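All of these numbers come straight from a predicted model, not from anything done at the bench. All ligand and atom numbering here is 1-based and tracks the order in the structure.
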Amino acid sequence: MQKLFSGWRIEPKARTLFGLVALGCVGFIVAIIALMYSSLAVVTDKANEIYAVRSIESVQGAIQTTIERMTSQVEDNTLWDDAVAHLYAPKLDRKWVYSTWGAVAQDDYGYDGVYVLDENFRVLEGYRNGQRQPDADLAMFGNGFASLIGLHGEALRSGAHPVSGLTYMKDGVAIVGISLVRPTKGVLTGHGATKRYLVMTRHMSAAMLTDLSETFRIDGIKLTPTTNSAEPYLRLVDASNQEVGRLTWILRQPGVEAVRAASSHIQMIAWLIGGVVLLVFGIAGYSLFRLAKNEQVARTFALTDNLSGLPNRRALFERLQKFGAMRGPVHKCVVFIDLDGFKDVNDVYGHSTGDKLIMIVAAALKEFLPKDGVLARMGGDEFAMLLGGKHADQDCQIFAEQALAFLTKPIKIGERTVQIGASIGIAAGDLKTCRSQELFRRADMAMYHSKSTGKARITWYDGELDAARMRKQALETGMRNGLTRDEFDVVYQPIVDARTQGVIAVEALVRWPRRPEGELFPDQFISLAESSGLIHPLGQFVLRKACQDVLHMPGLRLSVNISPAQFRDAEFESKVAGILAETGFPAERLELEVTEGYLIENPDRAIAAVGTLKALGVSIALDDFGTGYSSIGYLRRYNFDKIKIDKSLAGKVDRDPQAAALVAGTVNIANALGLAVTAEGVETEDHVRLLKLAGCHFLQGYYFSRPKSLADLHNLLAARAVA
Ligand code: C2E
Ligand code: CA
Ligand code: CA
């Protein structure tokens, strides 16, 4: 098989489809995963946002709690009888203050500073981080503290409740709490206007904030003077709503953590979806592949000739079309081979032998196939070879010669040896200017030319073949129209009795006098009428017209020419009988002149037809004797009534001794077989003398009369009758 069919290839279209489906699947997986992750991102952002708001609330709560803790702390240390005793003593018991509070004024105890203030809020004694603060004064507690006193002065003085709040001190932001020192029973009596307040401070130190972070589970709480606006922060304000500082912290991202925690699940889901999609793709892809493969099998089957294994006609055309679709001028050459005599092999030896012959021929042609040539069986006994490239023409000529040499030699098929031949046509062209179909038509036409000009030859297509065909077509159309437009006529040439020279018969000869382009003679159109099938209506026209014309010339016989092609018509004899019945012309007066052609072509049918016609009463003459095979065998087999020696032989009797001898011999044989003999082409007195001498019974020719119109024939007969 040709390269065209080697191996499995998935069609490009199927491959594209395949790719598209794969791309679609990948796209689907990517889209699903992207969707999953984008919704996760939304969830993450939302969770983070919620947490950010929550964290502000938590930090605020933490600070609030710390302030409240300070409140209860100062309350615990002031609602105390011991403290009243030591602080309201005429002389402040500084030692007690130190041992009770000053020594332990450190972060760990919930306060880092402790101060005792009098009724005018003057600092009497103070400790910070265990150190005495001799210079401490009210201003040191900052604006926040002053505001607290301003706002809650009454409650403080009466000892109703302690107060705490934020303030900005020398060392930074601090929580400060203040309470009146008073006895457990609540009411302070016996000290006049003297009052003692206890102030406790707790600075927002790193340690304190760390403590806060841990207690409230908020990472990295820090005091900062400035904050990044993107981060959450908490404004710390004192009692007068003055900002004293800001707190920031590390914003945890619970959404991200959640996603991180869920990511293995998400991955699993992604894998699962991916897996399912891939499985679906796999199944779909496999079906697609199967489909494509089946289609490929069907295609290969449809493009292969089963008998020879060669590509078939369709495959070759597809191949040629592919070349045609290529850019630039593509020079192509096509060799068309039609076997001669293949039908005979089939008929005589049977189809299996015919099939074997095709296989042998296919194998042989493959041997001669040039590189890159494509050989195809076009059907029946036709092969074609297609070749492209610069050297295509020479290579095709060589291929055709080799093929012809092989095909014209005897071919062995098993036990048998058959003799066939081949008619070959070649056409070359540039596919840009000559379409592929056209190239084949040309090769085909060249092949037909080989066939019609004697077979066993190679013909290259040239424009003249087309021109000739056009002329033929025009002639055919003209004939068809001429038949309907009454352009044809029949003339009559007398046939005389050789002895008496009296007219005993006429031969009807067709004429085309009213042809618009000018008159044509039978030699110029009869063969085309035969090959085109127009001979049937034309022949009937002549027979009918002649029968009508000659009917009323009693005693005169009528000869009408019949083409071999007319014999091929199975209805021919009944048509003759029909015309005889229709015109009333007696069958006994009619003679049909037939040539050998068809008798050789189909002897059985010819014998039957001759038999039927003779049974009608019609006599049969073998026309043109001496031009073809003219074997005596035919004369015996066909039971003719007469032979007509052709003018090409009879007309030479005066000049050519061999022709004279042949005529004499023919007459002898005819006599022996009981056949009458007519000699044609009698032009001179010498002819008449010699042909008579040779024994011809009837004579026909210009010497006696040219073919004449019916009217002229009447005149001639009338004149002769008078003479
Ligand atoms: P054919 O049957 O051999 O007809 C005789 C031809 O020889 C006629 O030519 C005729 O004009 C010509 N002829 C007659 N006497 C002489 C002569 O002395 N010298 C020369 N040189 N020629 C002579 P035509 O009419 O041109 O016919 C040519 C051929 O055309 C006929 O040859 C016949 O084969 C065919 N034909 C004519 N009419 C018909 C027809 O109606 N049907 C068929 N099937 N064929 C016809
Ligand atoms: Ca004739
Ligand atoms: Ca003749």
Residues R544 and E582 bridged, charged N to O under 4.0 Å: yes
K614 bridged to D641 by N-O distance under 4.0 Å: yes
Any side-chain donor near an acceptor of the partner, T595 and D623, under 3.5 Å: no
Part of V542 with heavy atoms under 4.0 Å of ligand 1, whether side chain, backbone, both or neither: side chain
Close approach of E530 to ligand 1, heavy atoms, under 4.0 angstrom: no
Exam field: side chain R589 to backbone V550, donor-acceptor pair closer than 3.5 Å: yes
Per atom 18 (O) of ligand 1, closest listed option by heavy atom (F704, F488, Y702): Y702
Contact check: E507 to the Ca ion (ligand 2), N/O/S below 3.0 Å: yes
Min heavy-atom dist Q700 to ligand 1 below 4.0 Å: no
Residues D466, R441: salt bridge by 4.0 Å N-O rule: yes
Lys/Arg-Asp/Glu bridge criterion (N-O < 4.0 Å) met for R514, D489: yes
Close-contact set for ligand 1 against E683 heavy atoms, below 4.0 Å: 17 (C), 18 (O), 19 (N), 20 (C), 21 (N)
Contact partition for K644 relative to ligand 1, non-hydrogen atoms under 4.0 Å: neither
Electrostatic pair R480:E476 at N-O distance under 4.0 angstrom: yes
Sub-4.0 Å heavy-atom contact, S563 with ligand 1: yes
Distance-only N or O hit between ligand 1 and D646, under 3.5 Å: no
For D624, the ligand 1 atoms whose distance to one of its heavy atoms is below 4.0 Å: 3 (O)
E593 atom (N/O/S) at minimal separation from the Ca ion (ligand 2): OE1
N561 OD1 and D623 OD2 subtending at the Ca ion (ligand 2) (10° steps): 80°
Validation row: R377, E382 side chains within 4.5 angstrom (heavy atoms): no
Output field: ring centroids F440/F317 closer than 6.0 Å: yes
Side chain, backbone, both or neither: V560 near ligand 1, heavy atoms under 4.0 Å: neither
Where ligand 1 meets R511 - atom numbers and elements under 4.0 angstrom, heavy-atom basis: 11 (O), 25 (O)
Pair E573 + R605, salt bridge at N-O below 4.0 Å: yes
Structural part of V491 in contact with ligand 1, heavy atom criterion under 4.0 angstrom: neither
Heteroatom distance test (I535, ligand 1): nitrogen or oxygen, under 3.5 angstrom: no
Cation over ring face, K642 and F698, 6.0 Å, 45°: yes
P707 neighbourhood, listing ligand 1 atoms whose heavy-atom distance to it stays under 4.0 Å: 11 (O)
Ligand 1 contacted by E507 (non-hydrogen, < 4.0 Å): yes
